[in-house]
J.: 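For reference, the structure I am asking about is given below.
Letters A, B, ... are given to chains in the order of the sequence lines, protein chains preceding strands, and every chain is numbered from 1. Because the structure is predicted, anything quoted here is derived from the model rather than measured.
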Protein chains: 2
Amino acid sequence: MATGRTHRPATRSRGIPEATVARLPLYLRALTALSERSVPTVSSEELATAAGVNSAKLRKDFSYLGSYGTRGVGYDVEYLVYQISRELGLTQDWPVAIVGIGNLGAALANYGGFASRGFRVAALIDADPAMAGTPVAGIPVQHTDDLDRIISDNGVSIGVITTPPGAAQQVCDRLVAAGVTSILNFAPTVLSVPEGVDVRKVDLSIELQILAFHEQRKAGEDASGTDEGAPPMRATPNGRKGPDGDMPAVMPA
Amino acid sequence: MATGRTHRPATRSRGIPEATVARLPLYLRALTALSERSVPTVSSEELATAAGVNSAKLRKDFSYLGSYGTRGVGYDVEYLVYQISRELGLTQDWPVAIVGIGNLGAALANYGGFASRGFRVAALIDADPAMAGTPVAGIPVQHTDDLDRIISDNGVSIGVITTPPGAAQQVCDRLVAAGVTSILNFAPTVLSVPEGVDVRKVDLSIELQILAFHEQRKAGEDASGTDEGAPPMRATPNGRKGPDGDMPAVMPA
DNA sequence: ACCTGTGAAGCCCTTCACAGCC
DNA sequence: GGCTGTGAAGGGCTTCACAGGT
């Protein structure tokens, strides 16, 4: 989900649909597991199951990359691992900077899955001077004042923001100014970035709210009226209302 | 993204599109900020900007909930906050259990944004007996052996999995058996769940890989051939290949 | 004059179903 | 016989553009 200052129209980069790109990492993970078990080939059906998608979708996805399978046989595991890795840009090293070394930032710094795919935590940055020098996950925390230099020196183009929401936009601006063009944002804030900068967001609270929505549906299959707490009165009451759970109103007979 | 054992066909619950549900939390956050600044009403244009979407989409989204605006004026902030909260099921309390209290689990337990929206960390569960009793974020960690009882006693219906990937499916099965019907999975694993159970996943590594894909595009606008490392040989070489970066091949004149 | 609510159009993605190849 | 690759159909979401209400 790339949110930019200018709403880029879902830039389908070189013909590969965004939805497909988002699934390539899933395929790669499944393929890597097969590779470790020394499985030589895999069918679209098997691989699709392992990745949690259906096989038609998988074959369509792969068709955007090229004709990498063999009819009647399936896909060569090692070959596909290489092709997908290359397509995702994982054959090169990506230095990443994490800004905001609180609980979450520290957890990410310690996260093993990071390094496994060409990503390398090149720098940890925090605004608290007291943290400067203290190593987290073996990497010394550096102060925000040096952000520009740190980004430049390490050739960082991907930044991870794990600051409190209030600081996120400012940090984002500084990262972009220093040359970062991809941002992973964990702060619950809408970031504004210039065109050409990608932002993806991860928001725990949003995920839970979506789950709660569906959870509520499951529970309220028949028991409808769970009216707790007084709904605030409408500024301008009008005729049509929502489907249910609305203001007490006279039911039309 | 609800991944189930049976692929539910994007269950549009009571007519509200899934895409709309996923944006309601964004609107709610923007509205809450306006509410705290005591702004009484807001136009679709203003609110859309604050939420990082365009106004047509926002109006369409709200139209699924009902006619909650006033033409020529806009939307009443307090009223909308209530309606969206109710729609998302946030007018009730949601006890949540976190399983796997490593760095990430602890970070989530400490995360403030949790409690702000009706979610309450009711239990922390870990397989390490040494952790039992130790409080994290003021909540004592309990042992996995008691998982069933803990879930039941607290009426937990939403579980968060922050275990290592190897343990995720097993923990998931136990959560479901104990009555959990919504799962937020941070482990890089495809979870199998019975029908009726929702799974949403958050995967840092996948997000980074998607960013890397686009990042690679930006960098390689002209400089194409970044060939490092030998690509593994294909089991069965064939005719058609991928668009570029493939095996060295004779170019057709 | 202004802003919402919504049919209609367009786009993207998924799914089907089968031709093509091993 | 089996499995991939892909046109075509179908469905959902976004965007447009304007009718309708205040």
Side-chain angles (χ1 to χ4, degrees), chain A residues 1-3 7-13 15-24 27 41-49 51-77 79-80 83 234-243, chain B residues 1-3 7-13 15-24 27 41-49 51-77 79-80 83 234-243:
Chain A
M1 192 163 298
T3 310
H7 282 279
R8 217 163 346 101
T11 314
R12 169 188 292 206
S13 310
I16 302 184
E18 192 58 33
T20 296
V21 172
R23 278 187 297 266
L24 292 181
Y27 301 144
T41 61
V42 66
S43 71
S44 64
E45 193 65 42
E46 294 167 321
L47 184 53
T49 302
V53 304
N54 78 49
S55 65
K57 195 185 287 185
L58 177 144
R59 288 199 303 277
K60 181 66 98 178
D61 283 341
F62 285 178
S63 79
Y64 292 115
L65 309 183
S67 287
Y68 292 153
T70 307
R71 292 166 201 243
V73 179
Y75 300 93
D76 182 274
V77 171
Y79 187 69
L80 250 192
Q83 289 298 346
R234 188 98 194 277
T236 314
N238 71 1
R240 187 136 93 75
K241 296 295 184 54
Chain B
M1 192 163 296
T3 310
H7 280 281
R8 219 164 341 105
T11 314
R12 170 187 294 206
S13 310
I16 301 185
E18 192 56 34
T20 296
V21 172
R23 279 188 295 266
L24 292 181
Y27 302 144
T41 61
V42 67
S43 72
S44 64
E45 192 66 41
E46 294 167 319
L47 183 54
T49 302
V53 303
N54 80 48
S55 64
K57 195 184 287 185
L58 178 144
R59 289 199 303 277
K60 182 66 97 181
D61 283 342
F62 285 179
S63 79
Y64 292 115
L65 309 184
S67 287
Y68 292 154
T70 307
R71 290 167 201 243
V73 178
Y75 300 92
D76 182 273
V77 172
Y79 187 71
L80 250 191
Q83 290 297 347
R234 188 99 194 277
T236 314
N238 72 1
R240 188 138 91 75
K241 296 294 185 55

J.: Please report, rounded to the nearest Å, how far the P atom of C:dT14 is from the CZ atom of A:Phe62.
T.: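 The distance from CZ of A:Phe62 to P of C:dT14 comes to 14 Å, rounded to the nearest Å.
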J.: Check whether any side-chain heavy atom of B:Tyr27 sits under 4.5 Å from a side-chain heavy atom of B:Leu80, and report yes or no.
T.: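 No, too far: nothing below the 4.5 Å cut-off.
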J.: Nearest to the A:Ser63 side chain among D:dG5, D:dT14, C:dT4, which nucleotide is it?
T.: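 Side chain of A:Ser63 sits closest to D:dG5.
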J.: Rounded off to whole Å, could you give me the CG-to-C1' distance for the A:Leu80 and D:dT4 pair?
T.: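 Atom CG in A:Leu80 sits about 12 Å away from atom C1' in D:dT4.
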J.: Give the rounded distance in Å between these two atoms: CG of B:Asp76 and P of D:dT22.
T.: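 Going from CG in B:Asp76 over to P in D:dT22 covers 16 Å.
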J.: Just to verify, which of B:Val42, B:Val77, B:Val53 counts as forming a side-chain contact (heavy atoms from CB on, under 4.5 Å) with B:Leu47?
T.: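 Answer after filtering B:Val42, B:Val77, B:Val53: B:Val42.
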J.: Please find out if less than 6.0 Å separates the ring center of B:Tyr68 from that of B:Tyr79.
T.: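 Yes, the ring centres sit under 6.0 Å apart.
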J.: Please report the distance, rounded to the nearest Å, between CG in B:Leu47 and P in C:dC3.
T.: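 So the CG-P distance, B:Leu47 to C:dC3, works out to 14 Å.
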J.: In terms of side-chain heavy atoms of B:Ala56, which of C:dT14, C:dG5, D:dC16 is nearest?
T.: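 From the listed options, D:dC16 comes nearest.
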J.: If you pin B:Gly72 and A:Arg23 to their nearest nucleotides in DNA chain C, which one's is more 5'?
T.: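 Its nucleotide being nearer the 5' end, the pick is B:Gly72.
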J.: Taking 4.0 Å as the cut-off, does a side-chain nitrogen or oxygen of B:Tyr64 come that near to OP1 or OP2 on D:dC13?
T.: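 So the side chain of B:Tyr64 is outside the cut-off, no N or O lying under 4.0 Å from OP1 or OP2 of D:dC13.
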J.: Closer than 4.0 Å, any side-chain N/O of B:Arg59 to the OP1 or OP2 of D:dC16?
T.: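 No.
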J.: From CD of A:Glu45 over to C1' of C:dA17, roughly how many Å is that when rounded to an integer?
T.: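 To the nearest whole Å, that distance equals 15 Å.
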J.: Less than 4.0 angstrom between a side-chain N/O of A:Lys60 and OP1 or OP2 of D:dG5, yes or no?
T.: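 Answer no for this pair, as no side-chain N or O of A:Lys60 is under 4.0 Å from OP1 or OP2.
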J.: Select one nucleotide: of C:dC13, C:dG5, C:dT4, the one nearest the side-chain heavy atoms of A:Ala19.
T.: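 Of the options given, the side chain of A:Ala19 lies nearest C:dC13.
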J.: What is the distance from CG of B:Asp61 to P of D:dC13, rounded to the nearest Å?
T.: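 These atoms are roughly 10 Å apart.
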J.: Whether A:Tyr75 contacts C:dC22 is assessed here as follows: a side-chain N or O lying under 4.0 Å from the phosphate OP1 or OP2. Is that the case?
T.: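 The answer is no; no side-chain N or O of A:Tyr75 sits under 4.0 Å from OP1 or OP2.
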J.: With a 4.0 Å limit, can you tell me whether A:Ser44 has a side-chain N or O closer than that to the phosphate oxygens OP1/OP2 of D:dC3?
T.: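 Answer is no, no contact under 4.0 Å.
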J.: Side chains of B:Tyr75 and B:Arg59: closer than 4.5 Å at any heavy-atom pair?
T.: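 B:Tyr75 vs B:Arg59: side chains touch.
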J.: Would you kindly give the NZ-to-P distance between B:Lys57 and C:dT4, to the nearest whole Å?
T.: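 So the two atoms are 17 Å apart, to the nearest Å.
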J.: Could you tell me how far apart A:Tyr27 (OH) and D:dT4 (C1') are, to the nearest whole angstrom?
T.: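 From A:Tyr27 OH to D:dT4 C1': 14 Å.
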J.: For D:dT15 and B:Asn54 - does any side-chain N or O of the residue sit under 4.0 Å from the phosphate oxygens OP1/OP2?
T.: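 It does, given that an N or O in the side chain of B:Asn54 lies less than 4.0 Å from OP1 or OP2 of D:dT15.
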J.: What I'd like to find out is whether the side chain of B:Ile16 reaches to under 4.5 Å of the side chain of B:Leu65, using heavy atoms alone.
T.: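 SC-SC contact between B:Ile16 and B:Leu65 confirmed.
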J.: Is the base of D:dT4 touched by the side chain of A:Arg71 through a donor-acceptor pair closer than 3.5 angstrom?
T.: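 A donor-acceptor contact between them is present.
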